[in-house]
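Excluded from the calculations below are hydrogen atoms, water molecules and symmetry mates; all remaining heavy atoms, backbone and side chain alike, are included. Numbers here simply count residues along the sequence, with the first being 1.
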Amino acid sequence: VQLQASGGGLAQPGDSLRLSCIASGRTLSSYYMAWFRQAPGKEREFVAFITGNGDITRYEDSVTGRFTISRDSAKNTVYLEMNRLKPEDTGVYSCAASTAYSGSRVRGYAFWGQGTQVTVSS
């Protein structure tokens with residue numbers, strides 16, 4: 001499966017952005033999907049996860065209540081709705097896919113999109 005993330009940009013604190021991850025080559029419903037982010041000088045970190053049928057989601061503590069991961073099977077797309085953005089949300093956001101449950105483990109995901117930059121600054 002090939003993944004392409006989009007929707008990043010420059011936002012002010014408190015703003016909202018919606019990231020999209022469009023898949024091609026395979027049906028996304030076959031995959032566990034996740035979003036990760038990497039800030040400058042830091043390791044890639046888990047942001048959110050969703051199961052193949054969308055019935056279970058998990059979030060990193062700092063985004064819980066502000067971010068929502070969802071999927072649209074008809075569009076073969078996974079979304080990350082980001083609300084009340086903070087400067088510490090700045091980073092390159094990448095979507096990832098796995099055929100098995102991998103939760104927050106970076107190494108558990110075999111398929112990655114190219115990433116989209118999110119910058120939160122006043």
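The side chain to side chain contact (heavy atoms under 4.5 Å, CB included) check on Asp61 picks up nothing, with sequence neighbours excluded. For the side-chain hydrogen bond (donor to acceptor under 3.5 Å, both in side chains) test, residues two or more places apart in sequence or in another chain that qualify with Ser98 are Ser102. Looking at residues two or more places apart in sequence or on another chain, you find no side-chain hydrogen bond (donor to acceptor under 3.5 Å, both in side chains) involving Arg84. Every residue two or more places apart in sequence or in another chain that forms a side-chain hydrogen bond (donor to acceptor under 3.5 Å, both in side chains) with Asn83 is listed here: Ser16. Here Arg18 pairs with nothing under the salt bridge (charged side-chain N to carboxylate O under 4.0 Å, His left out) rule; sequence neighbours left out. Applying the side-chain hydrogen bond (donor to acceptor under 3.5 Å, both in side chains) criterion to Gln114, with sequence neighbours excluded, gives no partner residue.
Here the straight-line distance linking atom CH2 of Trp112 with atom SG of Cys21 works out to 10.5 Å at 0.5 Å rounding. How far CZ of Phe49 is from CD of Glu60: 15.5 Å, rounded to the nearest 0.5 Å. Of the inter-residue distances, the one linking Ser104 atom OG with Arg58 atom CZ reads 11.0 Å to the nearest 0.5 angstrom.
For residues 67-81, the set of pairs meeting the side-chain hydrogen bond (donor to acceptor under 3.5 Å, both in side chains) definition, not counting sequence neighbours, is empty. Sorted by first then second residue, the salt bridge (charged side-chain N to carboxylate O under 4.0 Å, His left out) pairs that include residues 38-49, not counting sequence neighbours, are Arg37-Glu45. Within the structure, ring pair (Phe, Tyr, Trp, His ring centres under 6.0 Å) contacts touching residues 5-24 (residues at least two apart or in different chains) do not occur.
Applying the 4.5 Å side-chain rule to ILVMFWY residues, one finds that Ile22 remains a lone member of its cluster. Grouped with Val120 in one hydrophobic cluster are Val1, Leu3, Leu17, Leu19, Leu28, Tyr31, Met33, Trp35, Val47, Ile50, Tyr59, Val63, Phe67, Ile69, Val78, Leu80, Met82, Leu85, Tyr93, Phe111, Val118, the linkage being side-chain heavy-atom contacts under 4.5 Å among Ile, Leu, Val, Met, Phe, Trp and Tyr residues.
Closest heavy-atom contact between Arg66 and Ser62: NH2-O, 2.9 Å. Tyr109 and Gly103 make their closest contact through OH-O, 2.6 Å (heavy atoms, listed as atom of the first residue, atom of the second, distance).
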In residues 4-14, what donor-acceptor pairs under 3.5 Å come from side-chain atoms, sequence neighbours left out?
none

